[in-house]
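To start, the structure itself, in C-alpha cells.
Proteins get letters first, then strands, A, B, ... in listed order; numbering begins at 1 in each.
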2 protein chains.
Amino acid sequence: MAHPTLEDVAARAGVSRALVSLVMRGSPKVGKERREAVLRAARELGYRPNMMARGLAAGRTGLVGVLLADLRDPWCAEVHEGLADEAVRRGARLLLTTGRGRAARERAALDDLLGLRPDGVVLASPGMPAADIERAAAGCAVTVVGRSVRSDRVDCVTGDGAAAVRLALAHLADLGHRRVACLDLGPRPSPLRRACPPDAVATAPDEPWRAPEPPTAVLALGDPTGTAALTALLRAGRRVPDEVSLIVVGDSPGARAARVTAVASPAAELGSRAMAVLLDRISGEAPAAGRRDTVPPRLDERDTTRALSLGRREDAPDLRQ
Amino acid sequence: MAHPTLEDVAARAGVSRALVSLVMRGSPKVGKERREAVLRAARELGYRPNMMARGLAAGRTGLVGVLLADLRDPWCAEVHEGLADEAVRRGARLLLTTGRGRAARERAALDDLLGLRPDGVVLASPGMPAADIERAAAGCAVTVVGRSVRSDRVDCVTGDGAAAVRLALAHLADLGHRRVACLDLGPRPSPLRRACPPDAVATAPDEPWRAPEPPTAVLALGDPTGTAALTALLRAGRRVPDEVSLIVVGDSPGARAARVTAVASPAAELGSRAMAVLLDRISGEAPAAGRRDTVPPRLDERDTTRALSLGRREDAPDLRQ
DNA sequence: ATGAAAGCGCTAACAT
DNA sequence: ATGTTAGCGCTTTCAT
C-alpha cells in the first residue's frame, strides 16, 4: 500500500477512524491501551497523515510559507536561520520558496505558497511590489522582513542601516581615527551612502590614497564591498589593521571567516523576530494595525580594526554624526 | 470573502463549478466567451485555486519537495539553482525545507514535505541515514544529489571529488609545478585527501614552507580551505600567483569573487540533472532500477595559477596520477 | 459544450 | 470513551 489512510490504520487496529484521528493529533482523551494499538498499527503500515486532507478539513494548515529573494545571498540564509529557530520553538512548520532575483519568479513562488493556504507567510524579498504584498495579506497573515511596507494588515521587521553606519563611524572615532574613507564598490550606489559624510565616499579601492592625506581607516558599505576591500588592501601591500583599519557595514560569513570587524543588524535576529511577530498575529495576539519592529545594529569587533597609534593622531574633526 | 472558492466564481460568472475547474486548468474545450467570463469573475473575486483541495481530488500535486541540508552552504544554494532552473523549464513547482545540519530537524523537515504528498523529492543532504531515504522512496519518487545511495528505487546524481583532484593536479603539472602542497584546513579530514599524494597533504597553511624545498603550488581541499589558504598566503607575504599558485577543489561564490582558480563538479549542473532525472521518473519515462548519474569536474582557470617560470622548473616527478 | 454526482483523506460537531 | 456524520474545495467520470 503506497499511502495508507486513516481508515486503513483504523481497520488494522480494530477501531474507528475518528479514534485514530484523535490519537494522531495527540488527544489526551483516549485510553492508553487503544492509543498504543493505534500507534502500532500506524507504524506497521508506515502511515503518514495527509497534510492536504488535514488542511482541507481543519481549515488551517499549521504551515508558514517563507519567500526568500535568493538562497545564495548569505543575508537571506541567515534570516531563514532565525525564522527556523523561532518556528521550531513555537511548533510551526516552514515551507520555503525563492524567486532567485527575478520578479516574475518571485510572484510565481508566492502564488505557489499561497495556494497551499499557509496560516501565514514571511516575505524576505526587498524588491517585491507593494501591491503583491498587499494582495497576499488579504488571504493570510503577512510579515515582511528587511524592508518597510506601508500597510496596516502587514507587519514589518527591519534593520537600521543608517544606525549601523553611525555605529561604525563612532567606533572608528573611539579608536582615534579621523580620516575615514567610506568605500562603496558595488555596481549600484549603496543606500548606506546617505548615512556617510558625503565627501568621504569613494568608489574605487585606491581612490582615497590619491588624496594628499590618506585615510587611516576604511568603512566598507556592504558585504561584497567589504571582502573586495580587504583583498584590495592586502594586495596593495597595506597592512591591516596596523596601517589601516577596516570595518564593514553588513555582516556575512565571508567577513566572519576573514575576521573582519563588522557592524550590522543581525539577520538571524531579524528572522526570529519576524517569525515571532507572525505567529503572534496568527494566534490573534497582535494589535490590529501593522506592527513595525526595528532591530538595532550590533558591532562585532574582530581583527581588522585597531586604535590609531598616538603618534598618528591629530585634531581633525570627529566624523561621528 | 477571504478565500473565494470555485463555486463563488461559478456563481458570479453564471456557470457551473465544473466549467470553472476546466478553465482554471486551461482546458481547450471551453468556448472563448464563457472562458473569459470565468477568468474575469475569478480576477474580480481574487480567486486562487486551493492546492490542498486540488491535490486531494486529483491524487497528485504537481509539487516537488526539496530538502537542503543547509541554506548557508553555498553548495546547497547552487544545487538549488540548478534544480529550480530545470523545474521552471519543465513546469514543476518546488517547495524547500532544510534541516540546518541537525539530523533530527532534517527528519522532521522531510516528514513535513512528505506529508504534503509531493510527486517527488530531491534530497541534498549528505548526512541523512539511508533508511530514511529508503522509507521516503516508498511513497514517492526520490532523487539524491551529491551522494550515492544503494537502492534501486532511488536515483542518484553525484560529482566526482577524486576526478576533481586529479584534474587539478594535472593542471598544475601542465603549468610546470612539481612541488605541490595539498592543504586541508578543515576541522575534519577531507575525503578528498584520499585522492592526493599522501605525503603532499598538510594541515596548516605554513607547514609546507617548513620543508627544505617549499612548494610552488598549493592545492586547497574544499572551499573553506581555499579561502583560508588565500588569505593566509597573502598575509604571509607570498605573492599569488607569481611566487606560488593556488588552486581550489570545490568552487564557491567566495572563490569566484576572489578570482581563485578552482575545479569542481558544477553544483548547478548537479541540480539540474537531478531535477531532470526526478521528473523523468515521475512521468514514468525512467528505467525501473535506480539511475546513477555522475557529473564530471570542470576547471575554472582564474587569477591564482600561473605557469612556473623556466628558471624555477626542475625534474622532480610529476605528481599527476 | 455543459451539468450532476461521487469521492479524495481528513476534522469536528454531534450523538451515543 | 467511542462511533456517526457532514462537509472542506476540488477533480473526474458520466450523462446530457
Side-chain angles (χ1 to χ4, degrees), chain A residues 1-39 41-42 45-63 93 112 114-119 139-140, chain B residues 1-39 41-42 45-63 93 112 114-119 139-140:
Chain A
M1 198 168 347
H3 287 298
T5 73
L6 210 57
E7 186 134 26
D8 297 323
V9 177
R12 175 155 192 136
V15 300
S16 75
R17 287 189 342 187
L19 214 236
V20 178
S21 174
L22 286 178
V23 171
M24 293 322 285
R25 286 175 292 148
S27 161
K29 44 183 182 178
V30 178
K32 188 181 176 206
E33 211 135 309
R34 299 212 169 212
R35 138 168 287 117
E36 282 176 1
V38 168
L39 256 19
L45 254 36
Y47 171 74
R48 189 191 300 280
N50 184 330
M51 291 301 303
M52 303 255 155
R54 185 177 277 194
L56 236 206
R60 58 197 159 53
T61 53
L63 255 34
R93 280 188 297 278
D112 290 351
L114 294 175
L116 287 169
R117 299 288 188 270
D119 295 342
C140 67
Chain B
M1 198 169 345
H3 287 296
T5 72
L6 211 54
E7 186 134 28
D8 297 322
V9 177
R12 176 159 192 131
V15 300
S16 75
R17 287 188 343 184
L19 212 239
V20 179
S21 174
L22 286 178
V23 171
M24 293 321 286
R25 285 175 292 147
S27 162
K29 41 183 183 176
V30 179
K32 189 180 177 210
E33 211 134 311
R34 299 210 168 213
R35 134 168 291 118
E36 282 176 1
V38 168
L39 255 18
L45 254 34
Y47 172 74
R48 190 191 299 282
N50 183 328
M51 291 302 302
M52 303 253 155
R54 184 177 275 193
L56 236 205
R60 54 194 164 55
T61 53
L63 254 34
R93 280 187 297 279
D112 289 351
L114 294 175
L116 288 169
R117 299 289 189 270
D119 295 343
C140 67

**Request:** Go through dT11(D), dC10(D), dG9(C) for me and flag the one nearest to the A58(B) side chain.
**Result:** dT11(D)
**Message:** What's the closest nucleotide to the side chain of L56(A) if the choices are dC10(D), dG3(C), dG9(C)?
**Reply:** dG9(C)
Spacing between [X] atom [atom1] and [N] atom [atom2], to the nearest angstrom:
X	N	atom1	atom2	result
Y47(A)	dG9(C)	OH	P	10 Å
R35(B)	dT2(C)	CZ	P	10 Å
R117(A)	dT11(C)	CZ	P	19 Å
R54(A)	dA12(C)	CZ	P	9 Å
L19(B)	dT11(D)	CG	P	13 Å
M52(A)	dC10(D)	CE	P	13 Å
L22(B)	dT13(D)	CG	P	12 Å
E36(A)	dA1(D)	CD	C1'	17 Å

Rounded at 0.5 Å granularity, tell me how far [atom1] in [X] sits from [atom2] in [Y].
X	Y	atom1	atom2	answer
R12(B)	E7(B)	CZ	CD	15.5 Å
R60(A)	R117(A)	CZ	CZ	15.5 Å
M52(A)	M51(B)	CE	CE	6.0 Å

**Message:** Tell me whether the side-chain N or O atoms of R17(A) pair up with the base of dT11(C) as donor and acceptor below 3.5 Å, since no angle test is needed here.
**Reply:** yes
**Side-chain-base donor-acceptor pair under 3.5 Å for R60(A) and dT11(C)** = no
**Request:** I would like to know whether V38(B) and L19(B) meet side chain to side chain contact (heavy atoms under 4.5 Å, CB included); could you show each step before the answer?
**Result:** CA-CA 8 Å; V38(B) 168; L19(B) 212 239; 4.2 Å; yes
**Request:** Check each residue of residues 4-15 of chain B for a non-hydrogen atom within less than 4.0 Å of any atom in DNA chain C, then write out the ones that pass by number, or none.
**Result:** none
**Asked** Are any side-chain N or O atoms of D112(B) and backbone N or O atoms of R93(A), one a donor and one an acceptor, separated by less than 3.5 Å?
**Response** no
**Request:** Select base, sugar-phosphate, or nothing to describe what G31(B) touches, counting heavy atoms under 4.0 Å on all strands.
**Result:** sugar-phosphate
**Request:** For dT11(D), take OP1 and OP2 only and decide whether either is under 4.0 Å from a side-chain N or O of S21(B).
**Result:** yes
**Asked** Does R25(A) place a side-chain N or O at less than 4.0 Å from the phosphate oxygens OP1/OP2 of dT11(C)?
**Response**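 Answer is yes, contact under 4.0 Å.
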**Asked** Taking the side chain as C-beta and beyond, is there a heavy-atom pair between T61(B) and L116(B) under 4.5 Å?
**Response**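 Not in contact.
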**Prompt:** Between the side chains of S21(A) and R25(A), is a donor N or O closer than 3.5 angstrom to an acceptor N or O?
**Reply:** yes
